[in-house]
Amino acid sequence: MTIYCDESGGLSAGAMTLSAVMLTPEAAASIHARFRAVTGLRGELKGSRISLTERAYLLELFDRAGGRAWVAVAQSAKLAPKANGQAPTDLELYGALLDTAVARWLPETGGVCTDVVIDDGRYDPAILARVRDTIQAGLAGWGRASLADSRRSDGVQIADVIANSLYNITAHSARARRIGIILEPMLASKAIRVAELTALP
(Lines give C-alpha, C1' and ligand atoms only; values in the text may rest on other atoms or scores of the structure.)
Protein backbone atom coordinates (compact mmCIF):
# COMPACT_ATOMS: atom_id res chain seq x y z
CA MET A 1 0.00 0.00 0.00
CA THR A 2 0.97 3.62 -0.45
CA ILE A 3 0.23 6.59 1.81
CA TYR A 4 -0.32 9.78 -0.19
CA CYS A 5 -0.01 13.09 1.68
CA ASP A 6 -1.16 16.62 0.97
CA GLU A 7 -2.14 19.66 3.01
CA SER A 8 -4.65 22.49 2.89
CA GLY A 9 -4.88 25.90 4.54
CA GLY A 10 -2.42 27.67 6.79
CA LEU A 11 -2.19 29.55 10.08
CA SER A 12 -3.26 32.84 8.48
CA ALA A 13 -6.31 31.06 7.01
CA GLY A 14 -7.42 29.93 10.48
CA ALA A 15 -6.61 26.24 10.09
CA MET A 16 -4.25 23.77 8.47
CA THR A 17 -5.04 20.17 7.65
CA LEU A 18 -2.95 17.33 6.26
CA SER A 19 -4.38 14.10 4.91
CA ALA A 20 -2.53 10.79 4.72
CA VAL A 21 -4.53 8.64 2.31
CA MET A 22 -3.91 4.89 2.05
CA LEU A 23 -4.58 3.43 -1.41
CA THR A 24 -2.83 1.18 -3.87
CA PRO A 25 -1.46 3.11 -6.87
CA GLU A 26 -3.84 1.11 -9.06
CA ALA A 27 -6.89 2.11 -7.00
CA ALA A 28 -5.81 5.76 -7.00
CA ALA A 29 -5.40 5.71 -10.79
CA SER A 30 -8.80 4.04 -11.24
CA ILE A 31 -10.60 6.57 -9.02
CA HIS A 32 -8.92 9.47 -10.79
CA ALA A 33 -9.66 8.11 -14.29
CA ARG A 34 -13.33 7.46 -13.51
CA PHE A 35 -13.76 10.90 -11.95
CA ARG A 36 -12.25 12.60 -15.00
CA ALA A 37 -14.30 10.51 -17.42
CA VAL A 38 -17.59 11.39 -15.69
CA THR A 39 -16.91 15.06 -14.87
CA GLY A 40 -14.79 15.99 -17.90
CA LEU A 41 -12.20 17.56 -15.60
CA ARG A 42 -9.12 18.95 -17.31
CA GLY A 43 -5.99 19.96 -15.45
CA GLU A 44 -5.08 19.16 -11.87
CA LEU A 45 -7.72 17.83 -9.48
CA LYS A 46 -7.81 20.19 -6.49
CA GLY A 47 -10.32 20.40 -3.67
CA SER A 48 -10.42 24.19 -3.84
CA ARG A 49 -11.56 24.11 -7.48
CA ILE A 50 -14.27 21.45 -7.65
CA SER A 51 -17.98 21.79 -6.92
CA LEU A 52 -19.69 20.21 -3.93
CA THR A 53 -21.32 17.63 -6.22
CA GLU A 54 -17.96 16.73 -7.77
CA ARG A 55 -16.43 16.48 -4.29
CA ALA A 56 -19.21 14.14 -3.17
CA TYR A 57 -18.69 11.94 -6.24
CA LEU A 58 -14.93 11.73 -5.75
CA LEU A 59 -15.32 10.82 -2.08
CA GLU A 60 -17.92 8.20 -2.98
CA LEU A 61 -15.47 6.64 -5.45
CA PHE A 62 -12.77 6.74 -2.76
CA ASP A 63 -15.06 5.04 -0.24
CA ARG A 64 -16.22 2.39 -2.73
CA ALA A 65 -12.60 1.55 -3.56
CA GLY A 66 -11.86 0.86 0.12
CA GLY A 67 -9.76 4.00 0.52
CA ARG A 68 -8.93 5.13 4.03
CA ALA A 69 -7.40 8.29 5.45
CA TRP A 70 -6.02 9.81 8.61
CA VAL A 71 -6.32 13.59 8.60
CA ALA A 72 -4.37 15.70 11.09
CA VAL A 73 -6.04 19.05 11.73
CA ALA A 74 -5.08 22.21 13.62
CA GLN A 75 -7.05 25.38 14.29
CA SER A 76 -5.04 28.57 14.73
CA ALA A 77 -7.25 29.69 17.64
CA LYS A 78 -6.73 26.41 19.53
CA LEU A 79 -3.02 25.96 18.83
CA ALA A 80 -0.81 26.47 21.90
CA PRO A 81 2.27 28.67 21.48
CA LYS A 82 5.72 27.06 21.48
CA ALA A 83 7.76 26.86 24.68
CA ASN A 84 9.36 30.23 23.86
CA GLY A 85 5.90 31.84 23.66
CA GLN A 86 5.97 32.31 19.89
CA ALA A 87 3.40 30.94 17.50
CA PRO A 88 4.64 28.08 15.30
CA THR A 89 5.38 28.83 11.66
CA ASP A 90 3.39 27.26 8.85
CA LEU A 91 6.36 25.01 8.07
CA GLU A 92 6.66 23.83 11.68
CA LEU A 93 2.94 23.10 11.79
CA TYR A 94 3.09 21.34 8.42
CA GLY A 95 5.88 19.07 9.69
CA ALA A 96 3.98 18.28 12.89
CA LEU A 97 0.75 17.50 11.03
CA LEU A 98 2.57 15.28 8.52
CA ASP A 99 4.33 13.40 11.30
CA THR A 100 1.05 12.98 13.21
CA ALA A 101 -0.92 11.66 10.25
CA VAL A 102 1.76 9.20 9.09
CA ALA A 103 2.44 8.03 12.66
CA ARG A 104 -1.25 7.11 13.04
CA TRP A 105 -0.89 4.72 10.11
CA LEU A 106 2.30 2.91 11.13
CA PRO A 107 0.79 0.66 13.85
CA GLU A 108 -1.92 -0.38 11.36
CA THR A 109 0.42 -1.48 8.58
CA GLY A 110 1.43 -4.61 10.48
CA GLY A 111 5.06 -4.06 9.56
CA VAL A 112 4.27 -4.33 5.85
CA CYS A 113 6.46 -2.16 3.65
CA THR A 114 4.64 1.10 3.02
CA ASP A 115 5.67 3.95 0.73
CA VAL A 116 4.86 7.52 1.77
CA VAL A 117 4.42 9.99 -1.09
CA ILE A 118 4.46 13.68 -0.12
CA ASP A 119 3.37 16.59 -2.32
CA ASP A 120 6.43 18.64 -3.26
CA GLY A 121 4.58 21.84 -4.16
CA ARG A 122 4.28 23.90 -0.98
CA TYR A 123 7.81 24.60 0.24
CA ASP A 124 11.34 24.93 -1.07
CA PRO A 125 12.67 21.55 -2.29
CA ALA A 126 15.61 21.64 0.15
CA ILE A 127 13.25 22.20 3.09
CA LEU A 128 10.90 19.47 1.90
CA ALA A 129 13.84 17.09 1.55
CA ARG A 130 14.50 17.52 5.28
CA VAL A 131 10.82 16.88 6.03
CA ARG A 132 10.99 13.74 3.87
CA ASP A 133 14.11 12.57 5.69
CA THR A 134 12.34 12.96 9.04
CA ILE A 135 9.43 10.83 7.80
CA GLN A 136 11.88 8.31 6.35
CA ALA A 137 13.58 7.94 9.74
CA GLY A 138 10.16 7.47 11.37
CA LEU A 139 9.35 4.62 8.99
CA ALA A 140 12.21 2.69 10.61
CA GLY A 141 12.78 0.44 7.61
CA TRP A 142 9.06 -0.16 6.96
CA GLY A 143 9.05 1.75 3.70
CA ARG A 144 10.31 4.66 1.64
CA ALA A 145 9.37 8.34 1.76
CA SER A 146 9.47 10.33 -1.47
CA LEU A 147 8.36 13.67 -2.89
CA ALA A 148 6.02 13.87 -5.88
CA ASP A 149 4.67 16.55 -8.20
CA SER A 150 0.95 16.52 -7.40
CA ARG A 151 0.11 17.08 -11.08
CA ARG A 152 1.62 13.67 -11.82
CA SER A 153 0.31 11.76 -8.79
CA ASP A 154 -3.26 10.42 -8.72
CA GLY A 155 -3.02 9.65 -5.02
CA VAL A 156 -1.69 13.08 -4.01
CA GLN A 157 -4.55 14.78 -5.88
CA ILE A 158 -7.07 12.61 -4.02
CA ALA A 159 -5.31 13.48 -0.75
CA ASP A 160 -5.65 17.17 -1.68
CA VAL A 161 -9.44 16.88 -1.94
CA ILE A 162 -9.68 15.13 1.44
CA ALA A 163 -7.37 17.65 3.13
CA ASN A 164 -9.36 20.52 1.61
CA SER A 165 -12.63 18.97 2.79
CA LEU A 166 -11.43 18.81 6.39
CA TYR A 167 -9.92 22.29 6.06
CA ASN A 168 -13.33 23.72 5.15
CA ILE A 169 -14.89 22.04 8.19
CA THR A 170 -12.08 23.02 10.59
CA ALA A 171 -12.01 26.64 9.38
CA HIS A 172 -15.84 26.88 9.47
CA SER A 173 -16.05 28.02 5.86
CA ALA A 174 -19.31 28.82 4.11
CA ARG A 175 -19.26 25.30 2.62
CA ALA A 176 -18.50 23.53 5.93
CA ARG A 177 -22.05 22.31 6.62
CA ARG A 178 -22.53 20.76 3.18
CA ILE A 179 -19.09 19.17 3.20
CA GLY A 180 -19.79 17.80 6.68
CA ILE A 181 -22.91 16.08 5.32
CA ILE A 182 -20.85 14.58 2.47
CA LEU A 183 -18.20 13.28 4.88
CA GLU A 184 -20.58 12.08 7.61
CA PRO A 185 -20.86 8.42 6.50
CA MET A 186 -17.10 8.11 5.99
CA LEU A 187 -16.36 9.59 9.39
CA ALA A 188 -18.95 7.27 10.96
CA SER A 189 -17.43 4.19 9.29
CA LYS A 190 -13.90 5.39 10.13
CA ALA A 191 -12.89 5.32 6.47
CA ILE A 192 -11.72 8.86 7.29
CA ARG A 193 -10.40 9.52 10.78
CA VAL A 194 -9.33 12.82 12.30
CA ALA A 195 -6.47 13.57 14.69
CA GLU A 196 -6.63 17.05 16.21
CA LEU A 197 -3.31 18.76 16.96
CA THR A 198 -3.43 21.48 19.62
CA ALA A 199 0.29 21.79 20.38
CA LEU A 200 3.51 21.00 18.56
CA PRO A 201 5.47 18.08 20.06
Side-chain angles (χ1 to χ4, degrees), residues 1-9 15-73 97-98 100-102 104-106 108-110 112-122 143 146-171 173-195:
M1 296 293 274
T2 303
I3 298 172
Y4 297 97
C5 302
D6 202 5
E7 90 297 323
S8 188
M16 183 184 279
T17 62
L18 190 138
S19 65
V21 169
M22 186 172 279
L23 280 170
T24 64
E26 295 77 18
S30 177
I31 292 167
H32 201 182
R34 179 64 179 164
F35 180 83
R36 285 182 178 279
V38 170
T39 64
L41 176 72
R42 296 178 181 275
E44 186 174 1
L45 169 59
K46 291 193 70 68
S48 59
R49 297 179 192 161
I50 59 175
S51 71
L52 287 168
T53 303
E54 289 170 331
R55 184 186 305 269
Y57 180 55
L58 181 83
L59 290 169
E60 184 178 322
L61 291 173
F62 172 78
D63 196 30
R64 269 195 236 154
R68 295 179 297 151
W70 268 106
V71 186
V73 306
L97 290 170
L98 179 61
T100 298
V102 172
R104 292 296 176 104
W105 273 125
L106 293 184
E108 299 184 35
T109 64
V112 176
C113 183
T114 301
D115 289 335
V116 177
V117 179
I118 304 163
D119 175 36
D120 72 356
R122 182 161 186 140
S146 63
L147 301 173
D149 180 346
S150 61
R151 292 168 297 182
R152 295 179 175 83
S153 173
D154 299 311
V156 169
Q157 290 180 60
I158 293 166
D160 175 275
V161 174
I162 293 173
N164 178 264
S165 298
L166 268 296
Y167 163 74
N168 274 274
I169 291 170
T170 307
S173 79
R175 300 196 294 174
R177 187 184 69 81
R178 292 278 305 280
I179 292 173
I181 292 169
I182 292 168
L183 286 178
E184 187 176 2
M186 281 163 273
L187 293 169
S189 70
K190 296 189 175 0
I192 296 176
R193 289 172 286 178
V194 177

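Given the structure is predicted, the values throughout are model-derived calculations rather than measurements.
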Does the side-chain contact (heavy atoms from CB on, under 4.5 Å) test come out yes or no for Cys5 and Leu98, once each step is laid out?
CA-CA 8 Å; Cys5 302; Leu98 179 61; 3.8 Å; yes
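- Looking only at side-chain heavy atoms (C-beta outward), Thr24 and Met1 come within less than 4.5 Å of each other.
- When all heavy atoms are compared, the tightest approach of Tyr167 to Ala15 is CE1-O, 3.4 Å.
- Contact of the Val21 side chain with the Phe62 side chain is registered, since non-hydrogen atoms from C-beta on lie closer than 4.5 Å.
- Counting heavy atoms from C-beta outward, Ile31 and Leu23 have side chains that approach closer than 4.5 Å.
- Here the CG-CD1 distance, from Asp6 to Ile118, works out to 10.5 Å after rounding to the nearest 0.5 Å.
- Using a 4.5 Å cut-off on side-chain heavy atoms (C-beta onward), Thr53 and Tyr57 make no contact.
- Residues satisfying the side chain to side chain donor-acceptor pair (under 3.5 Å) criterion with Arg175, sequence neighbours excluded, are absent altogether.
- The line from CZ of Arg49 to CG of Asn164 is 11.0 Å long, rounded to the nearest 0.5 Å.
- Within the 4.5 Å cutoff, no side-chain heavy atoms of Val116 are placed close to those of Trp105.
- Between Tyr4 and Ala28, the shortest heavy-atom contact is CE1-CB, 4.4 Å.
- Arg193 is linked by a salt bridge (charged side-chain N to carboxylate O under 4.0 Å, His left out) to Glu108, counting only residues two or more places apart in sequence or in another chain.
- Nearest heavy atoms, Ser173 versus Asn168: OG-OD1, 2.6 Å.
- Not counting sequence neighbours, the partners of Asp154 by the side chain to side chain donor-acceptor pair (under 3.5 Å) test are His32.
- Contact between Glu7 and Ala163 at its shortest, heavy atoms only, is C-CB, 4.0 Å.
- Distance check: Ser165 OG to Ile50 CD1 gives 7.0 Å after rounding to the nearest 0.5 Å.
- Residues Leu183 and Leu166 have side chains in contact (heavy-atom distance under 4.5 Å, counting atoms from C-beta outward).
- Within the structure, salt bridge (Lys or Arg N to Asp or Glu O under 4.0 Å) contacts touching residues 56-67 (residues at least two apart or in different chains) are Glu60-Arg64.
- For Arg151, the CZ atom counts as loosely surrounded, since its 6.0 Å shell holds 12 or fewer non-hydrogen atoms of other residues, nucleotides or ligands.
- Not a single salt bridge (charged side-chain N to carboxylate O under 4.0 Å, His left out) links Glu26 to another residue, sequence neighbours left out.
- The closest donor-acceptor contact from the side chain of Ser19 to the backbone of Ala159 lies under 3.5 Å.
- In terms of the side chain to side chain donor-acceptor pair (under 3.5 Å) criterion, residue partners of Asp160 (sequence neighbours excluded) are, by chain and number, Lys46.
- Considering all non-hydrogen atoms of both residues, Val71 and Ile192 come closest at CG2-CG2, 4.1 Å.
- Residues Thr100 and Ala195 come closest through the heavy atom pair CG2-CB, 4.1 Å.
- For the pair Leu45/Leu58, a side-chain contact is recorded, criterion being any heavy-atom separation below 4.5 Å from C-beta on.
- Checked by atom type and distance alone, the side chain of Arg55 never pairs as donor or acceptor with a backbone atom of Ser48 at under 3.5 Å.
- One finds the CG atom of Asp115 at 9.0 Å from the CD1 atom of Ile3 (value rounded to the nearest 0.5 Å).
- The shortest side-chain heavy-atom distance between Met186 and Leu59 falls under the 4.5 Å cut-off.
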